[in-house]
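Step one of this worksheet: look at the structure below.
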Amino acid sequence: MRASLSSSSSVLRDLPVLLVAVVWGSSFLAVQRVAEPGTVVAMLVLRFGLVLPLLGLAAWRALRKLTRAEWLGGAALGLVLSGIFLLETYGAVHTSATNAGLIISLAMVLTPLGESALSRTAPPRAFLAAAGLAVLGVALLTGDGGLRPPTLGDLLVLGAALVRSAYVLAMARTRAVRDTDMLAVTWVQLAVATVVFAVVAVAVGPAAWTVALSYGAGQWAWLLHLSLFCTLFAFFVQMWAVRATSPSRVSLLLGTEPLWAAIFGITVAGNRMGPLALLGGALVLLATEWGRRTAPAPHPARGEDGMGAAAGARTGEQTREPTPA
């Protein structure tokens with residue numbers, strides 16, 4: 001009886017985290033529904049402008065306690081975060097939702113490689129094999145099984161994966177925010193990123209309010225999905241989950257994000273993939289999971305459980321480790 005209750009309780013704890021992976025997987029499709037190449041930056045202003053007041057209310061007390069160093073540290077990370085979202089979102093509108101979701105998952109392999117390089121330690125051979133398999137999978141995926149070079153969108157999303165990995169490593173090493181309330185530092189990062197988007201929008205496209213007025217009911221529904229579910233809901237679930245269950249279990253469930261991205265891309269967006277491209281996608285999924293299981297452990301002195309940095313990159317769609325998509 002006790003075992004049954006324990007099992008049921010474990011499933012109930014896992015469901016919200018799995019739902020986060022599902023909504024993150026849908027985020028690439030959502031971006032394609034609300035943004036075009038000329039309105040990407042304005043859409044980002046709207047997306048995070050809707051979240052900031054709500055997150056600010058929850059973070060108000062913690063924000064008042066931040067020191068000058070913590071504000072500056074969060075602001076610096078926010079600048080990097082803005083680069084992640086610009087690359088990822090521009091990439092998503094120039095490639096398929098399936099490709100975007102699978103390519104961005106390479107950050108799970110790139111981050112441990114960066115960690116090993118910074119600590120000057122060789123990663124396990126099994127991890128290197130997983131990284132090589134991931135590269136092969138991406139080559140097959142982006143070439144659609146042929147010899148075509150990757151598209152601009154594929155390259156932009158790959159750039160986002162690289163910057164996301166750098167962001168996670170930087171967040172783990174930024175002393176000013178290491179022990180700071182995650183809610184407060186995430187708000188600072190999002191606020192700085194939103195200011196960057198607002199400034200860039202003036203030079204590269206229509207104003208955010210112009211884009212907002214042009215949206216129909218369907219586009220507003222997708223935008224609210226990005227803001228409320230892919231960002232706000234995801235962040236609070238991760239903050240709860242890291243206390244309610246183990247970081248390893250959370251990481252495993254969130255790692256299903258690229259699988260959901262592929263499912264949404266194929267079933268909803270109608271993405272078509274040839275046999276070798278399908279094989280490439282499968283290899284990426286296999287390699288990222290293999291890489292996660294064989295990755296070298298983070299340096300114990302940093303006290304990282306992997307969730308803080310991840311929430312910042314996906315929510316902050318990232319604490320796309322907890323990062324936002």
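As a basis for the values below, the full set of heavy atoms in this structure was taken, side chains included, without hydrogen atoms, waters or symmetry mates. Here the structure is a predicted model, which means the values were calculated and not measured.
At least one donor-acceptor pair under 3.5 Å links the side chain of Q189 to the backbone N or O of V185. When atom types are taken as modelled, the side chain of T89 and the backbone of F85 share a donor-acceptor pair closer than 3.5 angstrom. E115 places no side-chain N or O within donor-acceptor distance of the main-chain N or O of L169, the cut-off being under 3.5 Å. T95 places no side-chain N or O within donor-acceptor distance of the main-chain N or O of L152, the cut-off being under 3.5 Å. A distance-only check finds no donor-acceptor pair linking the side chain of T186 to the backbone of L183 [under 3.5 Å]. Between the side chain of W290 and the main chain of F127, no donor-acceptor pair closer than 3.5 Å is present. Of the possible polar contacts, one joining the S96 side chain to the N99 backbone as a donor-acceptor pair under 3.5 Å is found. Between the side chain of S227 and the backbone N or O of L224 there is no donor-acceptor pair closer than 3.5 Å. Judged purely by atom type and a 3.5 angstrom limit, W222 has no side-chain atom pairing as donor or acceptor with the backbone of V31.
Taking hydrophobic clusters as Ile, Leu, Val, Met, Phe, Trp and Tyr residues chained together by side-chain heavy-atom distances below 4.5 Å, V109 does not share a cluster with L283. Under a hydrophobic-cluster definition in which Ile, Leu, Val, Met, Phe, Trp and Tyr are linked whenever side-chain heavy atoms come within less than 4.5 Å, directly or via other members, L72 and L190 are assigned to different clusters. Residues L276 and L286 fall within the same hydrophobic cluster, defined by Ile, Leu, Val, Met, Phe, Trp and Tyr side chains chained together at heavy-atom separations under 4.5 Å. Each of L162 and L128 belongs to its own hydrophobic cluster when Ile, Leu, Val, Met, Phe, Trp and Tyr are linked at side-chain heavy-atom distances under 4.5 angstrom. Both L226 and W220 are members of a single hydrophobic cluster when ILVMFWY side chains are connected at heavy-atom separations under 4.5 Å.
Note that the OG atom of S26 and the CD atom of E257 stand 9.5 Å from one another [nearest 0.5 Å]. Rounded to the nearest 0.5 angstrom, F48 CZ and S82 OG are separated by 10.5 Å. Atoms NZ and CG, from K65 and L63 in turn, are 11.0 Å apart once rounded to the nearest 0.5 Å. Note that CD1 of I104 is 11.0 Å distant from CG of L102, once rounded to the nearest 0.5 Å. Atom CE of residue M43 and atom CD of residue Q219 lie 11.0 Å apart, to the nearest 0.5 angstrom. How far OG1 of T231 is from CG of L54: 11.0 Å, rounded to the nearest 0.5 Å.
Take F229 and apply the ring-ring contact (aromatic ring centres under 6.0 Å, His included) test, not counting sequence neighbours, and it matches H225. Shown here are the side chain to side chain donor-acceptor pair (under 3.5 Å) partners of T267, two or more places apart in sequence or in another chain: there are none. With sequence neighbours left out, N271 forms a side chain to side chain donor-acceptor pair (under 3.5 Å) with T98. Every residue two or more places apart in sequence or in another chain was checked for a side chain to side chain donor-acceptor pair (under 3.5 Å) with T288, and none qualifies. Residues passing the side chain to side chain donor-acceptor pair (under 3.5 Å) test with W260 are T256, sequence neighbours excluded.
Of all non-hydrogen atoms in L113 and P123, the two that sit nearest each other are CD2-CG, 4.3 Å. The shortest heavy-atom contact between T194 and G49 is CG2-N, 4.4 Å. Shortest non-hydrogen contact noted between L86 and F197 is CG-CE2, 3.8 Å. In terms of heavy atoms, L106 sits closest to A134 at CD2-CB, 3.6 Å. A pairwise comparison of heavy atoms in A75 and V188 identifies N-CG1, 3.7 Å as the closest pair. Annotation for R164 and E88: closest pair NH2-OE1, 2.8 Å, computed over non-hydrogen atoms.
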Q.
Go through it in stages, so that I can follow the logic: the residues are L55 and F235, the test is side-chain contact (heavy atoms from CB on, under 4.5 Å), and I'd like the CA-CA distance, side-chain angles, deciding distance and then a yes or no.
A. CA-CA 10 Å; L55 191 61; F235 176 77; 4.3 Å; yes
Q: Apply the test side-chain contact (heavy atoms from CB on, under 4.5 Å) to residues F233 and L228: give CA-CA distance (whole Å), side-chain angles for both, the deciding distance (0.1 Å), then the verdict.
A: CA-CA 6 Å; F233 168 76; L228 301 180; over 6 Å; no
Q: Go through the steps to decide whether V93 and V40 satisfy the test side-chain contact (heavy atoms from CB on, under 4.5 Å), and finish with yes or no.
A: CA-CA 8 Å; V93 299; V40 162; 4.0 Å; yes
Q | Worked check of side-chain contact (heavy atoms from CB on, under 4.5 Å) between L259 and E289 | A | CA-CA 11 Å; L259 174 61; E289 180 56 30; over 6 Å; no
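At least one side-chain heavy atom of L254 sits under 4.5 Å from a side-chain heavy atom of Q238. Between L223 and L50 the shortest side-chain heavy-atom distance falls below 4.5 Å. Contact annotation: the side chain of M273 approaches that of I266 to within less than 4.5 Å [non-hydrogen atoms, C-beta and beyond].
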Give every donor-acceptor pair under 3.5 Å between a side-chain atom in residues 200-218 and any protein atom, sequence neighbours left out.
from : atom 1 : to   : atom 2 : distance (Å)
S214 : OG     : V211 : O      : 2.6
Y215 : OH     : V34  : O      : 2.6

